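Because the structure is a prediction, the values reported are computed rather than measured.
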Amino acid sequence: MPPTLASLVHHSALKLTVRAGEDRLDVPVRWAHVSELADPVPYMEGGELLLITALKLDAENPEAMRRYVKRLVGAGVVGLGFAVGVNYEDIPDALVEAAEAEGLPLLEVPRRTPFLAISKAVSAAIAADQYRAVTAGFAAQRELTRQALAEGPEGLLTALAAQVDGWAALYDASGAVVATAPEWAGRRAARLTADVERLRERPAPASSVVGGPEHEDRVELHSLGTGRRPRAALAVGTAAALGTAERYAVHSAIALLTLITERSRSLHAAEQRIGAAVLRMLLAAQPDHARAVAGDLYGQLLDAPFRILVAESGAAQAGLTGLTEAVEAAAARAGEAVLLVPEGERLVVLAADGGAAVASCGEYAADREAARKATAEEDDIVLGLSAPAGPIAAAAAYKQAEQSLSVARRRGRVLVEHEQLAAGSVLPLLADDAVRAFADGLLRALHEHDATGRGDLVASLRAWLSRHGQWDAAAADLGVHRHTLRYRMRRVEEILGRSLDDPDVRMELWLALKATGTE
């Protein structure tokens, strides 16, 4: 504890007597300062015990003393020490009354007690308090380090919460809560997600203080990591501002968590290289070798159906970075393995079918779709997701993901799943300039024939194809005799120079009608 006016009054060597403000002696004293100026306020910082002999004060003037004391209180002076037997044999009543009126503690300093003795007492008490704080800080650092080595970040948070008599929470790169201590702090930590998001937008290291009517306590947020973009964040909640010892503990926790984070990043890079090797072996149809390399790290992914996702972004990598953080955070929270392999402007993800990582891809895509609709701007990232597969079919799954990616890009979608290709219509695939040009060229001669008024070959072809070559049904749809329809189909063959008996020709003509909107 720092020195207080009460501790100075109880100091046996100082012999101080309280003349006013007896109920405010528990206030801390930051320093003892001697000043005989009529107005020492410009030189005060707050928290001082001011020592005077009233050499330049009209201490018997009630009005002057009221103004003097009021200014001292306004400047944050916590106490006034008056030396008797120097300029005044006793403290003037005007000063005592003014101090009582403003609630300013007034201490009588006997002539035999030099101001230097009071300054030394305050200085010694401050030094002792700082020493206790530093000692406690080092002890806290040792305990935090021990817990971090023994139990990881969770043990460190538990020790930190005990040191600050509050709670602590760790957030991952996406801003999601990873761990809290004690457990009841989970709800409080979750409410700060938006504040953590804002903190992550600032270059590390960064910190902020959260508090107000909507919060039960005072919370400090600190970013973790040495890179430009924070890798994680720490929240510390307490009932009041941190003291020196608690501040040492928090700084130690930040340093230890940063080391853990950076070490994790190095391990993550190594894991990523192993993941890339596993993926290459799977795509090369070497599942046994892939399983041997995967080991415990990715082995569980190969023991159950998985999906492959291929994401592609333009020049800006923000989309891939956001997707990577979302997938990693979801997998970490669910305790499941996920394999991510960056490939330039691409990201390949191999994740358990039905798991949290795959679900996070869908949620990420939905958020991007919503943002795109709100801004009416094209998104810079597209995703293609394969059907569930096993190690033997990894190459086929990768091809499915690439096909889905191509369709997503063509349709202007953020995410397309391979199942959607099989369940949907082939018509959206025809929305391509090259396909439209082919269709226009194939049907041009028929449209030119109809434009002369010599028949309705395009409509007749459409009706005949839609009825699968059934003459009576197609003729009924057109309202003509079947012999008329037969004549028109022979004209189609003559103009196009192609036989309608060929199923490939019928397929191409039907798709051409679909692509040009004349089906």
Side-chain angles (χ1 to χ4, degrees), residues 1-134 240-245:
M1 287 288 293
T4 63
L5 293 175
S7 66
L8 295 176
V9 169
H10 292 116
H11 195 297
S12 59
L14 299 180
K15 309 296 183 182
L16 303 179
T17 303
V18 182
R19 297 294 300 276
E22 293 183 0
D23 57 340
R24 298 193 179 186
L25 298 180
D26 58 347
V27 62
V29 177
R30 292 183 61 248
W31 198 245
H33 181 69
V34 180
S35 177
E36 298 293 355
L37 294 175
D39 184 13
V41 166
Y43 306 97
M44 298 291 105
E45 294 182 351
E48 295 92 354
L49 168 62
L50 182 62
L51 304 174
I52 66 172
T53 65
L55 178 64
K56 296 183 178 181
L57 291 178
D58 186 3
E60 295 178 337
N61 184 325
E63 183 60 30
M65 288 302 94
R66 281 193 292 269
R67 290 196 303 268
Y68 178 74
V69 171
K70 186 180 290 291
R71 283 184 57 77
L72 294 183
V73 172
V77 172
V78 298
L80 183 62
F82 191 99
V84 297
V86 182
N87 293 306
Y88 292 88
E89 289 302 319
D90 194 9
I91 302 178
D93 293 340
L95 180 55
V96 175
E97 292 171 1
E100 285 284 6
E102 293 294 333
L104 177 68
L106 178 60
L107 308 181
E108 180 181 307
V109 182
R111 184 180 181 87
R112 64 179 179 275
T113 301
F115 285 166
L116 181 60
I118 299 175
S119 297
K120 283 184 175 182
V122 172
S123 179
I126 291 174
D129 181 63
Q130 291 176 340
Y131 177 77
R132 285 191 296 270
V134 171
L242 297 175
T244 304

A.B. asks: Report the residue from Glu97, Met65, Glu60 that forms a side chain to side chain contact (heavy atoms under 4.5 Å, CB included) with Pro92.
C.D. replies: Glu60
A.B. asks: Looking at side-chain heavy atoms only, is the closest gap between Ile118 and Leu107 below 4.5 Å?
C.D. replies: no
A.B. asks: Is there a donor-acceptor pair closer than 3.5 Å between any side-chain N or O of Thr53 and the backbone N or O of Ala83?
C.D. replies: no
A.B. asks: Just wondering, do Val84 and Arg111 contact through their side chains at under 4.5 Å, heavy atoms?
C.D. replies: no
A.B. asks: Could you tell me which non-hydrogen atom of Thr113 sits nearest to which non-hydrogen atom of Ala13, and how far apart they are?
C.D. replies: OG1-O, 4.3 Å
A.B. asks: Could you check whether any side-chain N or O of Glu48 sits under 3.5 Å from a backbone N or O of Gly46, counting only pairs where one atom can act as donor and the other as acceptor?
C.D. replies: yes
A.B. asks: Enter the distance from Leu37:CG to Met44:CE here, rounded to the nearest 0.5 Å.
C.D. replies: 8.5 Å
A.B. asks: So which atom in Leu80 and which in Leu95 form the shortest heavy-atom distance, rounded to 0.1 Å?
C.D. replies: CD2-CD1, 4.0 Å
A.B. asks: So do Pro110 and Thr17 actually touch side chain to side chain, heavy atoms under 4.5 Å?
C.D. replies: no
A.B. asks: Given side chains that start at C-beta, do those of Ile126 and Pro3 come closer than 4.5 Å, heavy atoms only?
C.D. replies: yes
A.B. asks: If every non-hydrogen atom of Ala59 is compared with every non-hydrogen atom of Tyr88, which pair is closest and at what distance?
C.D. replies: N-OH, 3.5 Å
A.B. asks: Looking only at non-hydrogen atoms, find the nearest pair between Pro40 and Leu72 and report the distance.
C.D. replies: CG-CD2, 3.9 Å
A.B. asks: How far apart are the closest heavy atoms of Ala38 and Leu57, and which atoms are they?
C.D. replies: CA-CD2, 3.9 Å
A.B. asks: Heavy atoms only: give me the nearest Leu25-Pro105 pair and the separation to one decimal.
C.D. replies: CD2-CB, 4.0 Å
A.B. asks: Does a sphere of radius 6.0 Å around CD in Glu36 hold more than 12 heavy atoms from other residues, nucleotides or ligands, not counting ones at 6.0 Å or beyond?
C.D. replies: yes
A.B. asks: Mind checking the CG-NZ spacing from Leu14 to Lys120? Nearest 0.5 Å is all I need.
C.D. replies: 12.0 Å
A.B. asks: Go through the steps to decide whether Asp90 and Glu108 satisfy the test side-chain contact (heavy atoms from CB on, under 4.5 Å), and finish with yes or no.
C.D. replies: CA-CA 9 Å; Asp90 194 9; Glu108 180 181 307; 3.8 Å; yes
A.B. asks: Arg24 and Val78: side-chain contact (heavy atoms from CB on, under 4.5 Å), yes or no, with the steps?
C.D. replies: CA-CA 9 Å; Arg24 298 193 179 186; Val78 298; over 6 Å; no
A.B. asks: Measure the spacing between CG of Leu106 and CG of Leu50 and express it to the nearest 0.5 Å.
C.D. replies: 11.0 Å
A.B. asks: Is there a side-chain contact between Ile52 and Tyr68, using heavy atoms and a 4.5 Å cut-off?
C.D. replies: yes
A.B. asks: Applying side-chain hydrogen bond (donor to acceptor under 3.5 Å, both in side chains), name anything that partners Arg71, two or more places apart in sequence or on another chain.
C.D. replies: Asp39
